[in-house]
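We count ligands from 1, going down the list as the structure has it; atoms in each ligand are counted the same way. One is the number of the first residue; the rest follow in order along the sequence.
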Amino acid sequence: MRLAAGEAEARRLDEADPGHRHLFHVPPAAGGRYAETAYLAGNSLGLQPRAVRDELLADLDAWRDLGVEGHLDAERPWLSYHERLTGPAARLVGARPAETVVMNSLTVNLHLLMVSFYRPAGRRTRIVIEDSAFPSDSYAVRSQVRFHGLDPETEVVRLRPRPGEDTLRTADIVDHLAGAADRTALVLLGGVNYLTGELIDIPAVTAAARAAGVTVGWDLAHAAGNVPLRLHDWDVDFAAWCSYKYLNAGPGALSGVFVHERHLGRGDLPRFEGWWSTEAATRFAMAPVSRPPATVEAWAISNPPILAMGPVRTSLELFDAVGMPALRERSLRLTGQLDRLLAEVGRGRPLAVVTPRDPRRRGCQLSVRVGAVGAAELTRRLRYEHGVIADAREPDIVRFAPVPLYSTYHDCWRVADALAAVLPRTGGRP
Ligand SMILES: *Cc1c(COP(=O)(O)O)cnc(C)c1O
């Protein structure tokens, strides 16, 4: 069965609105009629930018040719390498350079930030998260609560959608924060929910938390590089994100961290320190007591892994060159097209989009609930019979992310066409 909204139309849209696919390696398809994968899993692991390999090799060569002297003599000296990432990372999330640093992995950074920003005191002991929080975040907050000698069963509050609904409502989050302010120490939410693709109204929830005197942090793993962000202006306390999803910096790539200017240089905030937490000018004085700078680098601990920084730098430079506003515009067009196609496939088949239909309440990802076929079996067939790579969350959610940098209208059409072929028609006819 082929879809009415035809392939030729998708090809025509791609000619008119080509994106930057030529800058990426697209994996070959494992099955189906096309040579290339229709890659819809960039929300899980972004594709490799073509430029990364040479950039990485250049950093490797500097180590080969210079040894320890590379710290100062490499073309991109290692001692200050991380500073090259600061400007573009700050622009990506709408932060000031002093508020942004790239370091460690995401969950590690959430812990380092909670050392400073989860300070249970008196009756204010609770952490609010979403019930559908990414498991790593859930484990992180539960272990932080235990670290303070408290009980995660009572101190971690999980926000659930209303009965019969799939996503949270901003008004419900705001009401909760207002009502539970006297018990809440921290709210830590995903900016874009990894499962449902819902984009939370970050400025509104941040404002509500701040008004209630609750510290507010954001996990932006699914938001950074997906939707425009203005963390400084929105008055967010802290945030962290990883670089291997929409930022395409490779598996396990480094994480970015934001701490709002008003917290920089505060002597009363506990932090864990290492030699990279001290100001650069006196780092090699090897003094026994640190002198932390009045920037987010006070939260850094170790010297950065140079070979892991090249891919992040390459990626951030690309985002800088293209710009989030342009990417968001293209993203709205691509995801809008996929949304229309999925609605067409869903007529008469067991498929329902759970992501909000309002484009302002989502990034590029659309999550669908599938019927009895199951998410794992469906994605397996999409991959091996149609060359479509999507992401299964058992038991019944499949996530599709048309990524504005490299996905195409034809990819979206292939998703819908493959779903139409694989999913049985309700009423029995296959
Ligand atoms: C991907 C993701 C993570 C992954 O954490 P790592 O520490 O990078 O392994 C954590 N939280 C969220 C919300 C994610 O989407």
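In terms of polar-atom proximity, Thr107 is counted as a contact of ligand 1, with an N or O under 3.5 Å from an N or O of the ligand. The shortest N/O to N/O separation between Tyr194 and ligand 1 does not fall below 3.5 Å.
Protein heavy atom at the shortest distance from atom 11 (N) of ligand 1 is Asp137 OD1, 2.6 Å. Lys245 NZ, 2.8 Å is the protein heavy atom nearest to atom 14 (C) of ligand 1. Among all non-hydrogen protein atoms, the one lying nearest atom 8 (O) of ligand 1 is Tyr244 OH, 2.6 Å. When hydrogens are left out, the protein atom nearest atom 3 (C) of ligand 1 is Phe134 CE2, 3.4 Å; that is the closest non-hydrogen contact.
By the 6.0 Å contact criterion, CH2 on Trp275 is enclosed, its count of non-hydrogen atoms from other residues, nucleotides or ligands being greater than 12.
Side-chain contact annotation: Thr167 with Glu165, donor-acceptor N/O pair under 3.5 Å absent. Judged purely by distance below 3.5 Å, without hydrogens or angles, the side chains of Asp17 and Tyr409 pair a donor atom with an acceptor atom.
Atoms of ligand 1 found under 4.0 Å from any heavy atom of His222, numbered from 1 in the order shown, are 15 (O).
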- [ ] List the steps and the verdict of side-chain contact (heavy atoms from CB on, under 4.5 Å) for Phe319 and Arg91.
- [x] CA-CA 9 Å; Phe319 274 87; Arg91 286 188 285 280; over 6 Å; no
TODO: Take Arg313 and Glu317 through the test salt bridge (charged side-chain N to carboxylate O under 4.0 Å, His left out) and record every step on the way to the result.
DONE: CA-CA 6 Å; Arg313 185 178 54 75; Glu317 285 169 3; 3.2 Å; yes
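Between His148 and Tyr118, the distance separating the two ring centers is shorter than 6.0 angstrom.
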